[in-house]
Peer 1: 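Below is a structure I'd like to ask you about.
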Amino acid sequence: MAPSAFVAGATGNTGQNVIRMLPDLLKSAGEDYRILALTRNMQSEAANEFAKIPQVEGLYRSTQPTPPPSKYTGESTLLVAMLQAGFKPVSTVYYGRTHWTIEEALSHPDFAALQWTSLRAIILASFTLGATTQWVKGYRRTGEQTALKLTLGKYDKVAAVDSDDVGRVVATLLALSDPAPHNKKRYIIRGAEDTTGQDIVDMVEQATGAQIEDVEWRDTSIIDELPKQGYPEIFVVSIRTSLDPIWPGKCTVDGVPTSKEIIDLAPPTTTAAESFKALIALDAPGGV
Ligand SMILES: NC(=O)c1ccc[n+]([C@@H]2O[C@H](COP(=O)([O-])OP(=O)(O)OC[C@H]3O[C@@H](n4cnc5c(N)ncnc54)[C@H](OP(=O)(O)O)[C@@H]3O)[C@@H](O)[C@H]2O)c1
């Protein structure tokens, strides 16, 4: 039987590009792999998309979102199962608050045999632009303006990375014939360029032809409303901390350079305008 590549989070912002790119990258590398894409919902739009790719098989897992106290129990159980099954290499996408715990677990000698690379995406463009794209869709539907709520301040700069760029790195790493140089490494990925809150307003005005009347800068309602989407309350506190380095301008092109290894493998190239265009074309929910 052909060896398998297992992609958890395959239907997410990041995972979708892994699934799109991996078949061709593996083929160019002369590797014959089955690609197993994990999802809890085989009927979703993303699951339907990957079902069209011949090398990709959907792997259904019935589970509800795991509440925080048992979150790491679930994750460590998965990691142990992967270790026991002889998985290699593993490429993971984590950030800020959660990657420390997972990297710590993976750094334990018990996981020495498991190959992994941790990608620290500083902030995804779907997060900084997500609410904006909903505004554009609402305006196009009704012709009426509501307040445009931005997590950035007018002059706050951030180099948010497009999830497709992160997915491209994951697929490139997975398709390497020798991923050993990247084993147990932690790499930082930030976006191709800095964007300010004002830049985002300009993009919205350009896309709609409207002059935005009311902007709420540094608005956190997109985070505060997460419990309504089923996220646990504690998540709000956790996600809010991701703004702590962003507002003072620490997550910029100069502030958080992308790791050299990522520049060599698959550097992020997507501009904020390209991310915005792609998001308003999709019915994108945004991501945290
Ligand atoms: N958004 C950001 O700003 C940001 C920045 C850096 C890093 N990150 C991290 O990067 C990772 C990917 O982010 P993303 O935005 O691509 O995620 P996303 O779009 O929210 O997708 C999450 C994926 O995980 C799967 N999933 C969720 N709960 C699961 C469970 N209990 N068991 C199995 N699968 C489950 C979902 O699959 P199904 O629904 O199909 O089952 C989906 O494919 C996440 O860990 C995120 O925290 C995000």
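Indexing begins at 1, ligand by ligand and atom by atom, following the structure's order. Computed from a predicted structure; not experimentally measured. The chain is numbered in sequence order, starting from 1.
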Peer 1: Within a distance under 4.0 Å of any heavy atom of T11, pick out the atoms of ligand 1 and give their elements.
Peer 2: 36 (C), 37 (O), 38 (P), 39 (O), 40 (O), 42 (C), 43 (O)

Peer 1: With side chains defined as the heavy atoms from C-beta onward, is the minimum distance between V170 and L119 less than 4.5 Å?
Peer 2: yes

Peer 1: Would G9 count as a polar contact of ligand 1, with the cut-off being nitrogen or oxygen pairs under 3.5 Å?
Peer 2: yes

Peer 1: T14 heavy atoms, cut-off 4.0 Å: which ligand 1 atoms fall inside?
Peer 2: 12 (C), 13 (O), 14 (P), 16 (O)

Peer 1: Can you confirm, on distance only, whether ligand 1 has an N/O atom lying under 3.5 Å from any N/O atom belonging to S126?
Peer 2: no

Peer 1: L22 and side-chain contact (heavy atoms from CB on, under 4.5 Å): which partner among L174, V56, T172?
Peer 2: L174

Peer 1: Which is it for E103 and R120 under the salt bridge (Lys or Arg N to Asp or Glu O under 4.0 Å) test, yes or no, and what are the steps along the way?
Peer 2: CA-CA 11 Å; E103 286 172 359; R120 297 171 167 184; 2.7 Å; yes

Peer 1: Between I102, L124, T39, which one has a non-hydrogen atom sitting closest to atom 3 (O) of ligand 1?
Peer 2: L124

Peer 1: Hey, is ligand 1 close enough to L38 that some N/O pair sits below 3.5 Å?
Peer 2: no

Peer 1: Verify the distance criterion only: is there a donor paired with an acceptor across the side chains of D219 and S221 at less than 3.5 Å?
Peer 2: yes

Peer 1: Counting from 1, what ligand 1 atoms have a heavy atom of F127 closer than 4.0 Å?
Peer 2: 3 (O)

Peer 1: When you measure from atom 19 (O) of ligand 1 to each heavy atom in N13, V7, I122, D164, which option holds the nearest one?
Peer 2: N13

Peer 1: Please classify the S44 to ligand 1 contact at 4.0 Å (heavy-atom distances, strictly less than): side chain, backbone, both or neither.
Peer 2: neither

Peer 1: Looking at K185 and E261, is there a salt bridge between them, counting it only when a charged N and a carboxylate O are closer than 4.0 Å?
Peer 2: no

Peer 1: Would you tell me which option among R120, Q16, R40 has the nearest heavy-atom contact to atom 30 (C) of ligand 1?
Peer 2: R40

Peer 1: Output the list of atoms in ligand 1 that are nearer than 4.0 Å to some heavy atom of A10, sorted by atom number.
Peer 2: 43 (O)

Peer 1: Can a side-chain donor-acceptor contact be found between T196 and D199 if the only test is distance below 3.5 angstrom?
Peer 2: yes

Peer 1: Would one find an N or O of N41, backbone or side chain, under 3.5 Å from an N or O of ligand 1?
Peer 2: no

Peer 1: Looking only at heavy atoms, what is the nearest atom pair of P248 and L243, with distance?
Peer 2: CD-O, 4.2 Å

Peer 1: Which value, rounded to the nearest 0.5 Å, describes the distance between I188 atom CD1 and R190 atom CZ?
Peer 2: 10.0 Å

Peer 1: Within ligand 1, which atoms have a heavy atom of G12 less than 4.0 Å away?
Peer 2: 16 (O), 18 (P), 19 (O), 21 (O), 42 (C), 43 (O)

Peer 1: For a quick test of your reading: what N or O donor-acceptor pairs under 3.5 Å do the side chains of residues 158-169 make, sequence neighbours left out?
Peer 2:
from : atom 1 : to   : atom 2 : distance (Å)
D162 : OD1    : D164 : N      : 2.8
D162 : OD2    : S275 : OG     : 2.6
S163 : OG     : N13  : O      : 3.2
D164 : OD1    : R20  : NH2    : 3.0
D164 : OD2    : R20  : NH2    : 3.4
D165 : OD1    : R168 : NH2    : 3.0
D165 : OD1    : T270 : OG1    : 2.9
D165 : OD2    : T269 : N      : 3.1
D165 : OD2    : T270 : N      : 3.0
D165 : OD2    : T270 : OG1    : 3.1
R168 : NH2    : P267 : O      : 3.0
R168 : NH2    : T269 : OG1    : 3.4

